[in-house]
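Reading through the structure tokens given below for one structure.
Because only heavy atoms are used, hydrogens play no part in the values below, and waters and symmetry mates are left out as well, while side chains stay in.
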Amino acid sequence: MIGLLAALWGAEAWGAPLGASTAALVSVAAAGVQAELQRRAESAQRQPRALDISSPRGRFPLVRHMGDPIAAGVHPAETIEQGGAIDRVPAYVTRDMEPPLHAALRRGGFVLLVGESTAGKTRAAFEAMQLLYPGYHFVAPSIREAVEVLLNDWGAIHRCVVWLDDLERFLGPGGLTTSTLQRLLLPDRQVLVLATMRSHEYDRYRDRAETETSGAAQEFWRQGRAVLRQAQVVHIARRWTHSERERARAMIADPRLGRALAGDERFGVAELLAAGPELVEAWEHAWIPGHHPRGAALVATAVDARRAGYHRPLPAEILQQLHEAYLVRRGGVELRPESFSEALDWALTPTVPAGANSLLLGDTEHGYMAFDYLIDLSVQEAIPEAVWVAVMELAPLHEAYTIAYNAMIAGQFTLAIPAMQSAAQAGIGEAESILWELGAPIRAAEDGLAVARQRVQALRQEFGTDHEETLVAESMVAFFTMRCGRYSEAYRLYEQMVNRAAAILGINHRLVLGIEFGMATCTFSAGAQDEGLSLLETAVRKSAETLGPGNLTVLDRRKAVVQLLAEAGQFEEVLLRLPALEADCAHLSAAHPIAIGVRSVASQLRHHS
């Protein structure tokens, strides 16, 4: 931390030889004070930018002073006048899940409230925080990187609630990892991390989602899952229970609640207050020729930007450029689209005259975002390539890596490579590993090895030698050593960690399976091909038994085996394995790296024949 480094530097300065003059000591002290004052000034400048909400002095406000739930992320409802004051938020209705939520909050640590968009999770979290932690400070990082900024600049964070609304925005490199979470939750700090997350995003980190990734791409997914596993998770339902609706009926003074209760019971009360179903109906109706097809296209563009992982406002000029493809896809000029300004006005118009939510939120100066209720609709078309490219270029490096990862999941491997390259250049090790697997490394293996070794040293100091993240980093050192062609050395590195990893993580853990496959690869590549092939077959068989034969990691390892055999000139062995591998990979897209690798081996086999 900067403060600690400044203190150490000062101590070193005062430890100068005793023969130094008093004037020199005073000069050093003055320099140290000046440096500390400069550090504090720079810190004060950074802090407001790192916070979504700050006090008038740019500091952390107290929870009890947080009077506006909308500022914290609660969806506004229809605006009414109550007692001469404008009211955008209905009275809070107690939810049935509050007992487990309050119990989790009293235990402290990391609490995550999961529910669908407009289920009422942010409001429930906000009200519980106000009830149980009024004297704590409210710390809301503005963007992913701000989590690390806050930790580094304000290491003395004490008695505070760290508010992470829409947690997916803060996961990944540069954001909330198990490392930063542990630093936040040091016992002497009295910190509560309170987060919300849409069900769709939470489900992406469930165990079954891991089958969508292979190789180094799984590391990104694994980091997010590791964070979620630290949380006390409380689920909130979209549809309200009978008892919740009865409690709402008791609040007859609020006409908005009355109208929501009178609505279709297929929808939740919070959902209707936010006008979610009305927004969907308006969007679908807008595609009718002569209605608001251009407006619908603008909304579709903004929705897809967020589906891709870009949770920031889109600049107006980018929105204008990208939406034309959506019009063309739906019929182009035959839709009789309105002008751009008319379309924008329509998309920004609230669904009710008093000003509930609109399909698009924002303005020309700051850009536009789609209302989050629209993001998780069940029927969604493929995101156009132009949108992937645009949001990767717009996003900061760490977020561009997340978007590139999402593009890979969507099968857009070629589009993902430029963003992965930028992320790797910025020092994101996961991106560099993925590029090696895609055959597009940004630097020599020796340079990658040096970076991997530095990461191991840092993690050993932070977590110790037996932490899972340290073990993963050690495996990357062995991986890059193998890529350097030093197979015997790489084998020893793998061998030194395999039993330790198995004892800590279990013999069937993915990392252990990967280490065993690495050892087999090194044995084969070092020249002991018969022994190596036997070990490779055993490692693949164990992976298939543990993960399932159709798992992408298993297919990737089978592909690696035939590649090794082809490189060694053992084409008869390739011929024995290739037909079954081709059949099992037939469902993959032509652009999938595994499919490309299999085709490459097949081409080698044809040329040899």
Is [X] reaching over with its side chain to a backbone N or O of [Y], donor-acceptor style, under 3.5 angstrom?
{"X": "E338", "Y": "G295", "value": "yes"}
{"X": "S534", "Y": "D530", "value": "no"}
{"X": "R198", "Y": "V114", "value": "no"}
{"X": "T523", "Y": "M519", "value": "yes"}
{"X": "S603", "Y": "R599", "value": "no"}
{"X": "H467", "Y": "F463", "value": "no"}
{"X": "W287", "Y": "P293", "value": "no"}
{"X": "N406", "Y": "A308", "value": "yes"}
{"X": "T481", "Y": "R486", "value": "no"}
{"X": "H323", "Y": "Q320", "value": "yes"}

Let me confirm one number: the [atom1]-[atom2] distance from [X] to [Y], rounded to the nearest 0.5 Å.
{"X": "T301", "Y": "R306", "atom1": "OG1", "atom2": "CZ", "result": "14.5 Å"}
{"X": "L493", "Y": "F479", "atom1": "CG", "atom2": "CZ", "result": "13.5 Å"}
{"X": "L319", "Y": "L344", "atom1": "CG", "atom2": "CG", "result": "7.0 Å"}
{"X": "L359", "Y": "H292", "atom1": "CG", "atom2": "NE2", "result": "10.5 Å"}
{"X": "R294", "Y": "L327", "atom1": "CZ", "atom2": "CG", "result": "5.0 Å"}
{"X": "L176", "Y": "F170", "atom1": "CG", "atom2": "CZ", "result": "9.0 Å"}

Verdict with reasoning, E116 to H200, per side chain to side chain contact (heavy atoms under 4.5 Å, CB included): CA-CA 7 Å; E116 295 179 56; H200 177 76; over 6 Å; no
Taking the side chain as C-beta and beyond, is there a heavy-atom pair between [X] and [Y] under 4.5 Å?
{"X": "P315", "Y": "L394", "result": "yes"}
{"X": "R225", "Y": "V227", "result": "no"}
{"X": "M482", "Y": "Y487", "result": "yes"}
{"X": "Y326", "Y": "V387", "result": "yes"}
{"X": "D466", "Y": "R500", "result": "yes"}
{"X": "L167", "Y": "T196", "result": "no"}
{"X": "W283", "Y": "F371", "result": "no"}
{"X": "R330", "Y": "E381", "result": "yes"}

Criterion side chain to side chain contact (heavy atoms under 4.5 Å, CB included) on R455 and M476, from CA distance to verdict: CA-CA 10 Å; R455 179 167 174 77; M476 293 310 303; over 6 Å; no
Test log, rule side chain to side chain contact (heavy atoms under 4.5 Å, CB included), inputs V561 and R558: CA-CA 5 Å; V561 171; R558 288 172 61 191; 5.7 Å; no
Chi angles and distances behind the side chain to side chain contact (heavy atoms under 4.5 Å, CB included) call for I442, L435: CA-CA 8 Å; I442 62 163; L435 287 170; 3.6 Å; yes
Least distance between heavy atoms, [X] atom then [Y] atom:
{"X": "A343", "Y": "L298", "answer": "CB-CD1, 3.7 Å"}
{"X": "V389", "Y": "L415", "answer": "CG2-CD2, 3.7 Å"}
{"X": "F480", "Y": "A445", "answer": "CD2-O, 4.0 Å"}
{"X": "F110", "Y": "A195", "answer": "CE1-CB, 4.0 Å"}
{"X": "F524", "Y": "L533", "answer": "CD1-N, 3.8 Å"}
{"X": "L578", "Y": "A602", "answer": "CD2-CA, 3.7 Å"}

Under 3.5 Å side-chain donor-acceptor pair for S543 and R557: yes
Donor-acceptor pair between R169 and H311 side chains, under 3.5 angstrom: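 R169 vs H311: no donor-acceptor pair found between side chains.
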Derivation and outcome, salt bridge (Lys or Arg N to Asp or Glu O under 4.0 Å), residues R577 and E573: CA-CA 7 Å; R577 291 166 172 77; E573 291 288 344; 2.4 Å; yes
Lys/Arg-Asp/Glu bridge criterion (N-O < 4.0 Å) met for R460, E474: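 Looking at R460 and E474, the cut-off is met.
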Given L112, L113, D165, the one that forms side-chain contact (heavy atoms from CB on, under 4.5 Å) with K121: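 The passing option is L113.
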Heavy atoms of other groups near E572 CD, more than 12 under 6.0 Å: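 Not buried by this count: 12 neighbours or fewer within 6.0 Å.
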Residues, nucleotides or ligands: over 12 heavy atoms within 6.0 Å of E385 CD: no
